[in-house]
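What follows is a set of notes on a single structure, which appears directly below.
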2 protein chains.
Amino acid sequence: MSATNYSINGRIWIETHEGKVLGHGRVELLERIHVTGSLRQAALQMKMSYKQAWDLVKHTNTGFTEPLVQLSRGGTGGGKAILTDKGHQVIAEFKKIQKKFIEFMKEEENLIKI
Amino acid sequence: MSATNYSINGRIWIETHEGKVLGHGRVELLERIHVTGSLRQAALQMKMSYKQAWDLVKHTNTGFTEPLVQLSRGGTGGGKAILTDKGHQVIAEFKKIQKKFIEFMKEEENLIKI
């Protein structure tokens with residue numbers, strides 16, 4: 001909380017000329033995929049349908065030069081999902097920017113005059 | 001556009017402990033109120049109903065120490081709406097932060113490594 005009662009909040013995301021490719025929600029999905037090793041589990045945790053999560057990952061993969069998640073259909077629990085090296089790198093980059101963004105908001109919050 | 005094909009986009013808003021009090025959309029509504037002098041015209045321009053705009057302004061007014069818009073019901077064209085000095089000040093402050101936020105995003109866009 002700032003000196004006043006006002007705080008600044010916000011969201012950032014990464015775009016290409018075709019639109020949004022990565023934001024807060026997708027990063028969370030990718031991280032849950034990494035932890036669980038399962039798209040179905042990750043989807044469940046985020047209260048998404050399996051199809052929604054599948055489509056989101058497919059769409060995210062096409063937004064980058066290499067896939068962020070390697071997907072394989074079928075098998076017990078709905079197939080495997082593995083976060084690639086590129087996936088790890090992109091998440092780390094997003095979090096670095098997100099951290100600076102939070103610092104930016106804190107600084108502005110302390111300067112706010114309303 | 002950055003050296004890569006990725007750009008950073010985002011939104012910021014101002015909150016109190018009760019939630020969001022001002023963001024991009026509300027600032028646009030306030031500016032349109034100022035230009036037109038009419039809540040009905042401002043609402044029309046933003047494809048909102050008169051009631052939606054009225055409720056939004058009422059809610060926004062309660063978020064600050066003084067009202068940002070002075071509203072009066074009735075009369076030709078649905079009553080008058082005047083942006084107060086406080087309204088002008090808050091808009092200016094938001095735009096100052098928004099400008100710095102755009103600079104922040106540009107800088108990060110040039111540093112992005114994905």
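Because the structure is predicted, anything quoted here is derived from the model rather than measured. Just so it is clear: chains get the letters A, B, ... in the order the sequence lines come, proteins before strands, and each one is counted from 1.
At least one side-chain heavy atom of B/W13 sits less than 4.5 Å from a side-chain heavy atom of A/R11.
Here A/K106 pairs with A/E109 in a salt bridge; the nearest charged N to carboxylate O distance falls below 4.0 Å.
Residues of residues 55-67 of chain A that come within less than 4.5 angstrom of chain B, heavy atom to heavy atom, are A/G63, A/F64, A/T65 in numerical order.
By number of non-hydrogen pairs under 4.5 angstrom with chain B, the leading residue of A/L22, A/V90, A/V21, A/N9 is A/N9.
Judged as a salt bridge (charged side-chain N to carboxylate O under 4.0 Å, His left out), and not counting sequence neighbours, the contacts of B/E28 are B/R32. Remark: A/E31 engages A/K95 in a salt bridge (charged side-chain N to carboxylate O under 4.0 Å, His left out) (not counting sequence neighbours). Taking A/H88 as the reference, nothing meets the side-chain hydrogen bond (donor to acceptor under 3.5 Å, both in side chains) condition, with sequence neighbours excluded.
For a residue to count as touching a neighbouring chain, one of its non-hydrogen atoms must lie under 4.5 Å from one of that chain's; by this rule B/K100 touches chain A with backbone and side chain alike. Heavy-atom distances place both the backbone and the side chain of B/L111 under 4.5 Å from chain A. Contacts of B/F94 with chain A are absent, with no heavy-atom separation under 4.5 Å from either backbone or side chain.
In this structure a side-chain-to-backbone donor-acceptor pair under 3.5 Å is missing from B/T16 to A/Y6. Looking only at distances, a side-chain donor or acceptor of B/E93 sits under 3.5 Å from a matching main-chain atom of A/K113.
The CD atom of A/Q52 sits 11.0 Å away from the CG atom of A/L39 when rounded to the nearest 0.5 Å.
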